[in-house]
Amino acid sequence: MIRENLLQVKHNIEDACGRSGRDASEVGLIAVSKTKPIEMLREAYEAGVRDFGENRALELADKYQALPKDIRWHMIGHLQRNKVKYLVGKVHLIHSVDSLRLAQELQREAEKKQVQVNILVEVNVAGEKSKFGGSLEDTLQLVREIALLPSVHIKGLMTVAPYVQDQEENRRIFAGLKQLAVDIERKSIDNVSMNVLSMGMTGDYRVAVEEGATYVRVGTGIFGDRTVT
Ligand SMILES: *Cc1c(COP(=O)(O)O)cnc(C)c1O
């Protein structure tokens with residue numbers, strides 16, 4: 001099941017790249033494995049997946065211990081400062097940094113462990129009250145502040161778009177994140193690159209790819225739904 005789903009998702013990504021004149025090699029697929037048991041992650045690993053996304057620090061750290069070390073772990077959920085220690089040195093990329101205080105905690109932990117931390121700044125493009133991330137307007141200032149931390153490196157932006165029936169409704173959200181990345185890139189801020197755009201989930205990754213996503217985060221579309229029965 002996982003193998004077939006993966007083929008389908010990759011096929012859809014290639015189609016979306018074709019429609020928008022992009023090369024499929026520009027788009028990384030993150031298999032969002034939150035709540036799923038190790039056996040399912042292993043199945044995905046055997047089908048070739050090396051990028052896994054988790055939204056809880058402790059769950060990520062447990063799965064990190066249990067699975068092969070060539071996996072790239074992505075923290076995609078809201079991160080509390082007291083959980084930073086479980087992730088630094090293990091994760092490939094933290095997608096969900098939305099405050100200076102969190103970035104400062106990452107800096108402290110990175111210094112202690114003598115490692116570097118790569119992050120994305122999370123942006124709440126739609127301005128939904130229920131979601132994390134700074135506003136479009138506040139993001140540039142936050143980027144400038146985080147840029148001063150020597151062991152924390154901003155690689156781009158991430159957004160979680162609203163849940164919609166028709167993914168076309170999120171096109172302007174994705175285009176807005178892309179535009180913001182272009183605007184920030186133009187400022188040529190030291191220690192900041194805008195090469196990574198993490199946007200699109202099961203319901204809307206095709207449109208996200210058309211609008212420039214370099215990572216899509218797909219859970220349900222690979223592992224099936226998460227409803228507890
Ligand atoms: C759960 C989650 C996803 C994956 O959602 P699906 O709709 O199952 O693909 C992607 N991004 C974030 C931040 C998530 O929390």
Side-chain angles (χ1 to χ4, degrees), residues 1-13 16 27-37 40-41 43-44 47 49-61 63 71-80 83 87 91-99 102 118-134 139 155-171 173-174 176-178 196-229:
M1 224 265 284
I2 289 177
R3 198 175 281 271
E4 287 79 50
N5 289 346
L6 272 167
L7 281 174
Q8 184 64 55
V9 171
K10 284 183 187 163
H11 179 81
N12 291 340
I13 291 172
V27 184
L29 171 60
I30 297 173
V32 176
S33 47
K34 62 192 187 193
T35 77
K36 297 298 178 186
M40 288 183 84
L41 279 74
E43 199 180 328
V49 174
R50 291 297 178 275
D51 290 275
F52 287 90
E54 290 284 335
N55 69 339
R56 288 168 189 270
L58 290 171
E59 187 175 340
L60 189 156
K63 287 172 172 173
I71 289 175
R72 292 178 292 269
W73 292 97
H74 298 260
M75 175 60 181
I76 61 172
H78 183 63
L79 178 56
Q80 289 166 315
K83 302 283 167 56
L87 296 181
V91 283
H92 177 69
L93 186 63
I94 300 175
H95 294 229
S96 44
V97 177
D98 63 354
S99 74
L102 174 59
N118 291 332
I119 66 159
L120 304 178
V121 172
E122 182 170 358
V123 186
N124 185 353
V125 181
E128 288 178 288
K129 291 243 165 14
S130 60
K131 296 237 164 80
F132 294 101
T139 298
K155 299 296 176 188
L157 305 176
M158 175 270 214
T159 197
V160 181
Y163 179 78
V164 288
Q165 293 297 333
D166 176 3
Q167 57 180 313
E168 281 300 330
E169 291 175 48
N170 279 338
R171 189 178 291 280
I173 304 285
F174 300 137
L177 191 73
K178 170 77 190 186
V196 179
L197 275 188
S198 168
M199 57 190 196
M201 310 174 24
T202 297
D204 56 17
Y205 68 87
R206 299 166 193 80
V207 165
V209 168
E210 289 173 17
E211 295 301 326
T214 69
Y215 274 129
V216 293
R217 311 177 305 265
V218 179
T220 315
I222 294 172
F223 295 106
D225 69 39
R226 287 179 295 271
T227 42
V228 199
T229 48

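As the structure lists them, so they are numbered: ligands from 1, and atoms in each ligand from 1. The figures here come from the full heavy-atom set of this structure, side chains too, leaving out hydrogens, waters and symmetry mates.
Shortest contact from atom 5 (O) of ligand 1 to any protein heavy atom: Met201 CE, 3.4 Å. With hydrogens left out, the protein atom closest to atom 12 (C) of ligand 1 is Ile76 CD1, 3.5 Å, a heavy atom. From the protein, the heavy atom lying nearest to atom 9 (O) of ligand 1 is Thr202 OG1, 2.4 Å. Of all protein heavy atoms, the one closest to atom 11 (N) of ligand 1 is Arg217 NE, 2.9 Å. Scanning the protein for heavy atoms near atom 14 (C) of ligand 1, the closest one is Lys34 NZ, 2.9 Å.
Considering backbone and side-chain atoms together, Gly219 places an N or O closer than 3.5 Å to an N or O of ligand 1.
Remark: Lys131 NZ is packed, more than 12 non-hydrogen atoms of other residues, nucleotides or ligands lying under 6.0 Å away.
No part of His95 comes within 4.0 Å of ligand 1, judged by heavy-atom distances. Contacts with ligand 1 closer than 4.0 Å are made by heavy atoms of both the backbone and the side chain of Thr220.
Atoms of ligand 1 lying under 4.0 Å from at least one heavy atom of Val160, given by number and element, are 13 (C). Close approach to Val218 involves these atoms of ligand 1, each under 4.0 Å from a residue heavy atom: 9 (O).
Of the possible donor and acceptor atoms, none in the side chain of Lys34 sits under 3.5 Å from a partner among the backbone N and O of Arg226. For the pair Lys63 (side chain) and Ser33 (backbone), a donor-acceptor distance under 3.5 Å is present. Side-chain atoms of Glu211 do not come within 3.5 Å of backbone N or O of Phe174 as any donor-acceptor pair.
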Can I get a per-line list of side-chain donor-acceptor pairs under 3.5 Å for residues 1-8, giving both atom names and the distance, sequence neighbours left out?
from	atom 1	to	atom 2	distance (Å)
Glu4	OE1	Met1	N	2.9
Asn5	ND2	Ile222	O	2.9
Gln8	NE2	Asn12	OD1	3.2

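The aromatic rings of Tyr215 and His95 sit tilted relative to each other, their planes meeting at an angle between 30° and 60°.
The shortest side-chain heavy-atom distance between Val196 and Met158 does not fall under the 4.5 Å cut-off.
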